[in-house]
Number of protein chains: 2
Amino acid sequence: MGAKNKTAITPTREEDYAQWYQEIIKASDMAENSPVRGCMVMKPWGYAIWENIMNQMDAEFKKTGVKNAYFPLFIPLSYLEKEAEHVEGFAKECAVVTHHKLEKGPDGKLVPAGELAEPLIVRPTSETIIGESMSRWTSSYRDLPILLNQWANVVRWEMRTRMFLRTSEFLWQEGHTAHATREEAVKRTLQMLDLYANFVQDRLAMPVIKGRKSESERFPGADDTTCIEAMMQDRRALQAGTSHFLGQNFAKGSDIRFQNEDGQEQFAWTTSWGTSTRMIGGMIMVHSDDDGLVVPPRIAPAHVVILPIVKKDQDNSQVLESADALKAALNEKMYHGRAVEVEIDDRDIGGARGWDWVKKGIPVRVELGPRDVAADTVFVARRDREAGQKESVDRETFINTITDTLDQIQQVLFDRALAFQKENTFHVDTWQAFEEIYKDAKGAHNGAFVYAHWCGSRDCEERIKKELSVTIRCIPFDSSKEAGKCICCDKPSEQRVLFAKAY
Amino acid sequence: MGAKNKTAITPTREEDYAQWYQEIIKASDMAENSPVRGCMVMKPWGYAIWENIMNQMDAEFKKTGVKNAYFPLFIPLSYLEKEAEHVEGFAKECAVVTHHKLEKGPDGKLVPAGELAEPLIVRPTSETIIGESMSRWTSSYRDLPILLNQWANVVRWEMRTRMFLRTSEFLWQEGHTAHATREEAVKRTLQMLDLYANFVQDRLAMPVIKGRKSESERFPGADDTTCIEAMMQDRRALQAGTSHFLGQNFAKGSDIRFQNEDGQEQFAWTTSWGTSTRMIGGMIMVHSDDDGLVVPPRIAPAHVVILPIVKKDQDNSQVLESADALKAALNEKMYHGRAVEVEIDDRDIGGARGWDWVKKGIPVRVELGPRDVAADTVFVARRDREAGQKESVDRETFINTITDTLDQIQQVLFDRALAFQKENTFHVDTWQAFEEIYKDAKGAHNGAFVYAHWCGSRDCEERIKKELSVTIRCIPFDSSKEAGKCICCDKPSEQRVLFAKAY
Ligand SMILES: [Zn+2]
Ligand SMILES: [Zn+2]
């Protein structure tokens, strides 16, 4: 394993990017497919990352006045009827509960019994039921704004699933707000997008591009869908969060009305915004390498693993005590509001032990042998560096600089991801060059981020999607007005938009 | 509302205890029934209590080495077949998913489509699927112990529901551990029971009695079921948490085997333990009064409400600024690891405002008018005292003693509940006296806690249950051996057990 040309993960990103992703999850022990088709088991190492995301993001929500609530898992079928009325060829992939009991059938096998008068749907979102509640809760301008969020599981039946990226059940948060004025709702939409962007950049160390979706990619019923897009290591884009300005559309559909200060009845202005465990899939694909997972320190399940060098038939007590003391000293340091979390792995299994932790992506590994104890040193490796690159550090210095070290690693990961994104982002002005980038794109070289002019027509958007599987990821907020010609039809364009292949 | 003989809640506990409970929930704005039969909406004030419980209990779990994981919402039907094999007249009340799609039917209405080959059950617990996972994860003694917990929603179809106490969907945590030795599993069972008891007493201020269930009340498959029982204000018992020692039964059912240090294959020893949103129902019924909810400070959504005295057509800026400054000063104080949380309610709605906060059970209310600002005082009321009992306090003193004040309130609530429990607990030695306590019991005077002798026979237990609706809540751990005669049959008994009517 120590040999320079071998990697801990097979296949490598270059060899088979999709398979590499699956192997990373397996090797790091984050999650596994469950016996229930399309659902995953999030094991402690994977779930702890979600817990850290939840805790930290939730604190940010609350700073903006958002309160959490919890709505039922089930949605009455009738709530979806209205939606179906408007949609030709309506078919919704969702889990349908039709019975409320199991009984033994004639052959002794279990059969569903107690048929429900009205089937229930396992929530694909809680949107409709939150709308119904807001409608009941709102009568005067004094009841507004309502700023709600829910952390929950949702289900959307999926035929082809990939852990963290697309599963039938997934964990997410959905925020829903109702306001008395358009301005306030627009402001909230952008406030939450900024919150997401800052969160994903600062905590997951994933650089993102903020922008709005083209009309065809907008959330149904939204006046404006804003999003953040991150580049994965295969050069594809992953949408890491969305924030929608719903105008009065949703309020009209859900009958959310209020009397304004002048006594006139009006519909509220609403927003919704969401992120999910998909962010973890993004985090994996932005930072991990051919030796395994790489987790940014700020959301890592643990920050440091201590690997005491223990030998069979030998008194290891001094080393083990020294390891415990080191753990205790590190635990006293606070890293962004959380104690520095330390694992001790004292298994006597040779080199596989260190590699296990490389594969799990823990930010810092510390080897501690009798000679280190005697010399008051520790032997330190960082996950942002080559696995073999280790250095002896004075023990006190290590303890006193641990939070700086973690912040450095966090920064290195972000800078590296940003550099990668920039290296793989191009301004393109001809169809030939555009086609060149995408036509043979696959595996770990699956295109690029391309800023190109677009005339605004759905036809051009469709053609590009059909011919090259490339979509407009967003109309970036930081893209200044600039006259040009549509990459597809040569008609005049006012602004470049961001193209990429997407997850 | 200020009149001495009126209460903020109608009916009072004495008038109609069951209805009083519903009114408390409504008046405090904690939760409401949802349009989905048997499911509730937890509104921000109610859900924040659950969040505080989760955060604080989770930290206690983690101190004992427990890690969180997440298992699928759905359970394959076949997982329940084995259970059904053993149970005569098996019928399980649960939500059964039979289809994965909705389509428009011929009449335009939505109909379930895409029938599943095997129906899925919405988890009533994740026990079976966690067992299946533990079986795959365990091969050597080195893999043990496995110490898992899950925070999740579960569904058990209920015909008669009461918010927080019994709903079809509810939120809970379930812990599952697997060990190499019996001793370790027994120790873990009691460790978690102690954790629950301490948690419920220290955070929810609910005194509990620890003990084990009689054989007939044991969890199916458990060798030992331990529990904590609390007294509600109607003198009935509510089980606030359980911890089960499952012996090797569960490991045999789920095939959780491991090789011990000598290379022999053995079944693991397992435990499971759980608490739920039911605790909140208990908290309501232990502390609340005829003026509304009372929330112990340590789990309160907010600790202090500031009520600035504002007047129309007047410059209120000085008072409002002073309120903001007071809030900021209080926010800097830490109360058991959480900043003191403060609400400001500046609505100009007269006396109803103060009563709203009494009904919500916030621990401390502070009125702040121009004269208070001028005199550097605040006008303070505590929820553990009469609503009208208010005192003027020096502002700096109030700020500097806020955490002491909150701890005092916490202690008052616990002491009051303990005194109530003791006043309503009796040692009873004759059937006549026993019957007297329970036979006309109802409403707010629904029996008592009775320590009485029991011969250990299921017949006596059944007779008492049938005739008086009274059950053995537990065989208390603190009940010393004492010779006596069974309350029911006069046969010899070695120990008193705890009887009560129960939720
Ligand atoms: Zn064009
Ligand atoms: Zn007896």
Side-chain angles (χ1 to χ4, degrees), chain A residues 32 34-36 39-44 46-48 50-51 55 67-77 79-81 84-85 89-104 108-110 112-114 119-122 129 132-133 142 148 152-153 155 157 169 171 347, chain B residues 32 34-36 39-44 46-48 50-51 55 67-77 79-81 84-85 89-104 108-110 112-114 119-122 129 132-133 142 148 152-153 155 157 169 171 347:
Chain A
E32 61 184 29
S34 86
V36 184
C39 296
M40 63 192 272
V41 173
M42 289 179 76
K43 299 177 78 172
Y47 191 71
W50 182 240
E51 284 186 291
N55 290 337
K67 308 233 173 191
N68 288 330
Y70 187 79
F71 293 85
L73 175 65
F74 299 124
I75 311 282
L77 183 64
Y79 280 47
L80 300 175
E81 296 278 0
E85 274 171 31
F90 179 94
K92 193 129 198 163
E93 296 293 336
C94 55
V96 187
V97 177
T98 55
H99 295 74
H100 69 76
K101 200 188 282 198
L102 285 178
E103 285 178 359
K104 262 194 228 179
K109 296 272 177 202
L110 290 180
L120 296 171
I121 310 311
V122 179
I129 206 156
E132 189 271 343
S133 300
R142 285 191 206 87
L148 289 180
N153 54 343
V155 172
W157 210 263
E169 182 193 14
L171 304 181
R347 291 175 301 165
Chain B
E32 62 184 28
S34 84
V36 183
C39 295
M40 63 192 269
V41 173
M42 290 178 75
K43 299 177 79 171
Y47 191 72
W50 182 240
E51 284 185 292
N55 289 337
K67 308 232 174 190
N68 289 331
Y70 188 79
F71 293 84
L73 175 66
F74 300 124
I75 312 284
L77 182 63
Y79 279 48
L80 300 175
E81 296 278 1
E85 275 171 30
F90 179 96
K92 192 129 201 163
E93 296 294 338
C94 55
V96 188
V97 176
T98 55
H99 295 73
H100 69 77
K101 200 188 283 195
L102 285 178
E103 284 177 0
K104 263 194 225 176
K109 295 273 177 201
L110 289 181
L120 295 171
I121 311 310
V122 179
I129 206 155
E132 189 271 345
S133 300
R142 285 190 206 88
L148 289 181
N153 53 344
V155 172
W157 210 263
E169 180 192 16
L171 304 181
R347 292 175 299 164

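Just so we're on the same page: letters track the sequence lines, and every chain starts at 1.
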The interface call for A/Ile121 against chain B, heavy-atom contacts under 4.5 Å, is side chain
Taking side chain as everything from C-beta outward and backbone as N, CA, C, O, which of these in A/Glu169 sits under 4.5 Å from a heavy atom of chain B? Side chain, backbone, both or neither.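 Only the side chain of A/Glu169 comes within 4.5 Å of chain B.
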Query raised in the report: Hey, are the side chains of A/Ile129 and B/Val36 touching, using non-hydrogen atoms and a 4.5 Å cut-off?
Result: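 Touching, per the 4.5 Å side-chain cut-off.
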**Asked** Is there side-chain contact between B/Leu73 and A/Cys39, with heavy atoms separated by less than 4.5 Å?
**Response**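 They are not in contact (no side-chain heavy atoms under 4.5 Å apart), so the answer is no.
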Highest number of heavy-atom pairs under 4.5 Å with chain B: which of [options]?
{"options": "A/His99, A/His100, A/Arg142", "answer": "A/His100"}
{"options": "A/Ala113, A/Cys94, A/Gly114", "answer": "A/Cys94"}
{"options": "A/Asn55, A/Leu171, A/Asn68", "answer": "A/Asn68"}
{"options": "A/Lys67, A/Met40, A/Lys92", "answer": "A/Lys92"}
{"options": "A/Val96, A/Val97, A/Leu148", "answer": "A/Val96"}

**Asked** In terms of heavy-atom pairs under 4.5 Å with chain A, which of B/Thr98, B/Leu102, B/Leu120 leads?
**Response**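 When all of B/Thr98, B/Leu102, B/Leu120 are compared, B/Leu102 has the most.
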Between chain A and each of B/Lys43, B/Glu103, B/Arg347, count heavy-atom pairs under 4.5 Å; write down the option with the most.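 Greatest number of close heavy-atom pairs with chain A: B/Lys43.
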Classify the ring geometry between A/Trp157 and B/Phe74 as parallel (under 30°), tilted (30 to 60°) or perpendicular (over 60°). tilted
Tell me the closest heavy-atom pair linking [X] and [Y], and the distance in Å.
{"X": "A/Glu81", "Y": "B/Gly108", "value": "OE1-O, 4.2 Å"}
{"X": "B/Leu110", "Y": "A/Leu77", "value": "O-CD2, 3.6 Å"}
{"X": "B/Pro35", "Y": "A/Glu132", "value": "CG-OE1, 3.5 Å"}

